[in-house]
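FYI, side chains are in, hydrogens and waters are out, and symmetry mates aren't considered; it's all heavy atoms of this structure. Chain letters run A, B, ... following the sequence lines, proteins first and then strands; every chain starts at 1.
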Amino acid sequence: MDPILDGLNHAQREAVTSSGSILQVLAPPGSGKTKTLTARVAYLLSHHGYQPQDVICCTFTIKASREMRERLANLIGEKLESRLILGTFHSICRRYLVKYGYLIGLRKGFGIADSDDTRAIIKRTIKRLNSSIEVKAAQGRISRHKAHGLSPDAVSQRAKAEELELVDIYRDYQSALAASNLLDYDDLLLRCSDLLRDHPQCVSNVQAVLVDEFQDTNIIQYELMNLFASKSRRITIVGDPDQSIYGFRSAEIKNLKRMQGRYSNTTVVLLEDNYRSAGSILNAAQEVIEQDEARPAKALQATHTFGTLPVLRRLPTPNAEAQWMVLEIKRCAAMTGGLLRMSDFAVLLRSASLSTQIETAFGRAGIPYKMVGGRKFFDRTEVKIILNYMRVANHTGHSDALLNIVNVPPRRIGDETIRQLTSGAEQAKLPLWDFIKDVIQGRRSTEKKLQKAAEQGLCNLVKLIEASRQKLQECEDASAPRVLIEFITERLSFQEYLIRTYPLDEDTRWANVKELMHQATEVAAFEEEEVDKEMDLPEIEGVEQQQTHAGEEALTRFLANVALATEITKEEDNKEGTPTEKVTISTIHAAKGLEWPVVFVPAVYNGSIPHSRAEVIEEERRLLYVAMTRAQALLYLSVPIRQPRLGEGEDGATTLTPFLPPKLTKTRFRQTGPSLHEKVVYAIADILRRPRPSLDDMYKGLEFLPSTLDDRWTPEGEEDRSKFESTSASHDVSDEPNPKRRRSDMNQGPKTTTYMSSTGYTMNDSTGFTLPPTATTGFTSARDHIAAYPQLTSESAAESASSTHADATRAIEPKPSSGAGRKDGLTQASISNFFGGPGTQKREPVVPNRPQPPPRRYELPTSQNQRLPAKTNVPPTLSSHRVQPRPLIPTGPTLEPANTSGYTWLATPSGPPASRPRITVTQERGVGNASTNGTAGAEVKPEASRGFQSATTFHTTTMSMVQQGPRRTLGIRRSMNGWQDRMKRESGGG
DNA sequence: TTGGTATTGATTTTT
DNA sequence: TCAATACCAA
């Protein structure tokens with residue numbers, strides 16, 4: 001058997017081995033899309049004998065291209081992998097333009113205009129033309145025209161009057177780019193397609209073209225694909241119309257049809273088995289996407305068990321929402337006995353700006369996280385300054401970069417001076433830089449005489465840039481970027497400048513500059529090995545490739561990578577005790593193609609999703625679909641019922657997204673987090689294909705939980721006043737009125753114990769939630785609890801109904817006897833399992849009067865506390881607020897009849913219905929403790945203890961995160977052109 | 001004319 | 001939280 005085909009199902013195999021030269025693979029979420037595509041690449045190399053440098057593989061995002069490289073390296077080896085022409089459309093185009101751009105009159109050493117440059121240029125011309133068009137709107141419309149391949153002239157021909165205003169801006173923008181020798185993102189594609197259309201010999205070597213996420217291609221990218229394949233006409237595309245979420249970037253789902261029309265011999269293969277998600281999640285997601293009636297029906301078959309229903313949680317405010325996520329993450333982590341680690345959780349957001357509250361809540365609670373998407377490393381002001389110096393040094397014609405740094409650090413060059421200079425340069429038809437040089441050397445003068453101070457400042461600037469250029473000329477190797485950064489920071493006394501300007505966080509800002517240096521160093525090290533030659537395009541007879549000064553070339557490439565990558569991977573500082581395990585917070589867009597065991601999608605209200613400014617609401621629905629289908633085992637959607645800030649309703653009330661109509665939420669969702677008893681946990685383990693945790697391990701975490709249920713808020717999304725009376729007085733905990741006061745509350749307790757602080761829960765209790773100062777209302781009986789959640793019973797019934805057929809597919813065990821007493825019986829069984837089932841040495845429900853350290857939530861009277869191990873001593877403030885052990889009575893949602901794979905419970909002795917097992921969690925802890933010394937679950941132990949102990953280190957991480965402020969964590973992306981290959985070599989090889 | 005301080009305003013998604 | 005604007009003192 002061909003190892004390439006190992007582990008592929010029938011449809012995947014068919015796709016991989018298809019002899020059709022034009023192949024479309026339609027691959028819904030979790031169907032092994034990337035696996036199939038990489039296998040196809042490997043198959044083409046090994047069975048068709050193509051050389052890797054003759055295969056082009058286009059992805060859409062950098063992350064996707066990195067993943068593809070990694071997978072291919074495993075499949076075909078690094079040697080071959082590194083020679084593939086693989087990358088984002090933009091980066092591949094850049095490579096072609098660098099080598100062959102001269103054929104279409106592109107000037108050497110062109111730079112890439114990032115969105116900041118674009119915005120600045122457009123802003124300037126709008127001002128000059130006195131246009132009333134908004135900058136952002138103009139930017140978007142110009143980009144759209146370009147994505148359709150329309151030049152300013154082309155637009156003006158078919159334009160209406162109002163469009164003509166834009167055409168002027170468009171023209172002006174284009175000439176500004178040309179003047180600075182810049183290409184914007186659209187130009188990269190556009191000019192490359194010009195190149196290949198006029199000079200197809202540049203790609204005459206290409207044997208096969210593969211495109212990932214084809215539904216996200218725009219017209220130009222589609223044309224590029226065809227041009228790449230103009231010789232061989234062998235194309236494989238993988239895509240899913242349901243996951244098209246880049247329409248705002250002119251992506252056209254129509255390209256699928258267009259391609260079929262263009263190539264009559266198109267073969268279409270459908271993948272429909274989902275290997276990622278629980279059946280319950282798929283059902284819910286499928287129902288969301290099927291609301292789109294224009295969409296062709298497409299099957300999506302679950303291969304996993306039904307699992308537990310997804311959650312749609314209502315909460316009072318965005319802040320409560322964030323705190324709830326903290327609670328649920330901790331609850332999941334603790335109650336699954338080390339099965340789930342921090343890196344198994346993801347929070348997916350419609351907008352990156354939603355992250356702030358979540359980040360602060362996580363920071364306070366000691367949840368380590370990393371933010372993906374949102375603000376980019378290379379966009380930080382301090383980094384940007386250095387980069388702009390480098391850009392000017394690289395190419396003095398880059399007027400926008402020059403304008404950005406002309407008075408940074410301050411050189412007494414103010415607005416007026418700049419106005420004189422720019423208008424003078426324009427009149428003289430000179431680049432700004434040349435004009436400035438002429439002025440200070442006395443060859444020219446401005447309309448109005450410049451101030452002495454300003455002139456002196458300009459003089460210093462020119463000297464610095466000239467010196468930098470000199471330095472660059474002297475440096476004829478790949479170290480140029482690093483050399484230049486060092487030189488510039490030194491000459492600017494940049495660190496002192498940062499201290500002066502940003503006294504609050506000058507250290508992190510300086511650290512960012514250091515990080516930039518580090519990146520440059522890495523590039524240099526990589527290129528010195530000359531491995532990068534393999535990244536070059538293959539030589540083609542008869543077409544000359546353009547050569548450049550090595551140092552300049554290295555700098556240009558560095559800057560291009562920066563513009564195209566905009567994020568970098570920070571190497572994990574694996575210092576002792578630093579957890580590398582982090583919760584991912586990401587935009588939904590940036591999460592495409594990825595998966596996590598547990599996914600949270602907060603803010604599912606109208607205006608957020610669909611976004612209030614969204615143009616196509618179908619796309620927003622697909623966005624929700626994409627977000628939901630990232631989840632493997634647990635999916636949480638949530639919505640704050642009030643949005644105090646920008647809410648459109650009078651009191652800031654929100655409305656649930658129309659994508660989740662009542663008939664859907666009633667049948668496919670539960671209202672609160674699932675009870676995480678044994679069977680649920682086992683189902684999670686099975687879906688993740690991880691070993692089931694032992695019951696011991698599952699007990700271990702419980703004592704640190706304030707509750708084993710998701711019950712701090714009512715299912716309707718109010719704070720539960722019966723338990724948290726004092727907090728309801730000020731229900732916008734959200735705005736965190738006076739943290740100091742609360743902190744002092746906490747500090748009434750003994751300052752104590754590494755243990756306390758190490759749980760990471762002290763922090764949370766003290767700041768995240770408002771604890772009632774007195775214990776009067778702390779106790780809630782389970783009966784009260786049930787009374788408060790009447791709907792749960794029916795909900796669980798719905799779940800069992802909807803899950804029956806899914807059961808059948810996977811039932812390993814005989815079904816529980818169904819019938820009248822079924823619900824109770826099941827519940828009892830699962831609960832008693834949970835607290836003392838056959839997984840442990842104890843078969844009986846635990847002896848009630850055996851003294852055991854209780855979990856905090858169900859605190860025993862203080863007399864019992866004396867028997868706690870010294871280190872687990874609980875401060876009086878915390879122990880006092882709940883005085884009685886809370887009996888746990890099975891409630892509706894603990895029913896999980898879907899998970900018949902948990903076979904242990906059938907053997908469990910369940911009490912007679914009359915005497916329900918009123919087991920306190922105290923006992924449950926006892927079981928856990930007792931069996932810690934036993935043998936049960938020994939093999940799972942390392943995992944479990946890691947998950948648990950890390951709480952200690954979470955805390956420390958948090959502290960550093962809090963000090964640094966939010967979003968200091970560097971993103972996980974890495975620019976391409978081999979940076980990641982180097983990483984791989986280092987980590988993988990060593 | 002500059003540069004500091006205060007106020008206000010604003011925040012889709014990515015290459 | 002950050003950035004752009006507005007105003008005032010030098």
Taking the six-membered ring for Trp, does Phe248(A) stack with dT12(B) (centroid gap under 5.5 Å, planes within less than 30°)? no
Does Lys33(A) pair with Asp240(A) as a salt bridge, N-O distance under 4.0 Å? no
Does the side chain of Tyr625(A) come under 3.5 Å of the side chain of Asp292(A) through a donor N or O and an acceptor N or O? no
OP1, OP2 of dT14(B) versus side-chain N and O of Thr587(A): anything below 4.0 Å? yes
Could you tell me whether Ser608(A) contacts a base, only the sugar-phosphate backbone, or nothing, with contacts defined as non-hydrogen atoms closer than 4.0 Å? nothing
Considering only dA3(C), dT14(B), dT13(B), which nucleotide approaches the side chain of Thr381(A) most closely? dA3(C)
Between dT12(B), dT1(B), dT13(B), spot the one nearest the side chain of Thr417(A), thanks. dT1(B)
Return the nearest nucleotide to the side chain of Gln451(A); candidates are dT13(B), dT1(B), dT14(B). dT1(B)
For Arg350(A) and for Gly414(A), locate the closest nucleotide of DNA chain B by heavy-atom distance; then report the residue assigned to the nucleotide nearer the 5' terminus. Gly414(A)
Suppose you measure atom P in dA6(C) against the same atom in dT11(B); what distance do you get, rounded to whole Å? 16 Å
Per His611(A) side chain, nearest of listed nucleotides dT14(B), dT15(B), dT12(B): dT12(B)
Just checking Arg613(A): base, sugar-phosphate only, or nothing, at a heavy-atom cut-off of under 4.0 Å? base
Output the rounded distance in Å from CZ (Arg621(A)) to C1' (dT13(B)). 18 Å
With a cut-off of less than 4.0 Å, is there a side-chain N or O of Ser612(A) near OP1 or OP2 of dT12(B)? no
Rounded to whole Å, CD1 of Ile588(A) lies from P of dT14(B) at a distance of 10 Å
Pi stacking test for His90(A) and dT15(B): under 5.5 Å apart, planes under 30°: no
Using atom NZ of Lys127(A) as one end and atom P of dA4(C) as the other, report the distance to the nearest whole Å. 11 Å
For Ala120(A), give me all partners under side chain to side chain contact (heavy atoms under 4.5 Å, CB included), at least two apart in sequence or on another chain. Asp400(A)
Tell me, which pairs form a salt bridge (charged side-chain N to carboxylate O under 4.0 Å, His left out) where one or both residues lie in residues 349-358 of chain A, sequence neighbours left out? Arg350(A)-Glu620(A)
Polar side-chain atom of Gln221(A) near backbone of Asn218(A) as donor-acceptor pair, under 3.5 Å: yes
How many Å lie between CD on Gln357(A) and P on dT11(B), as a whole number? 18 Å
What nucleic acid atoms does Asp114(A) come within less than 4.0 Å of, heavy atoms only: base, sugar-phosphate, or nothing? nothing
Atom CD of Glu455(A) and atom P of dT2(B) are separated, to the nearest Å, by 12 Å
Could you tell me whether the side chain of Arg412(A) has a donor or acceptor atom within less than 3.5 Å of a complementary atom in the base of dT2(B)? no
dA3(C) C1' sits how many Å from Asp379(A) CG, rounded? 14 Å
With sugar-phosphate meaning primed atoms plus P, OP1 and OP2, does Asn407(A) contact a base, only sugar-phosphate, or nothing at under 4.0 Å between heavy atoms? sugar-phosphate
How do Lys448(A) and His589(A) order along DNA chain B: which one's closest nucleotide is nearer the 5' end? Lys448(A)
Base, sugar-phosphate alone, or nothing: which one does Phe89(A) contact when heavy atoms must sit under 4.0 Å apart? nothing
Do Arg622(A) and Glu619(A) sit within salt-bridge range, that is, some charged N less than 4.0 Å from a carboxylate O? yes
Between dT12(B) (P) and Asn606(A) (CG): distance, integer Å: 16 Å
Can you tell me how far P of dA3(C) sits from CZ of Arg119(A), to the nearest Å? 10 Å
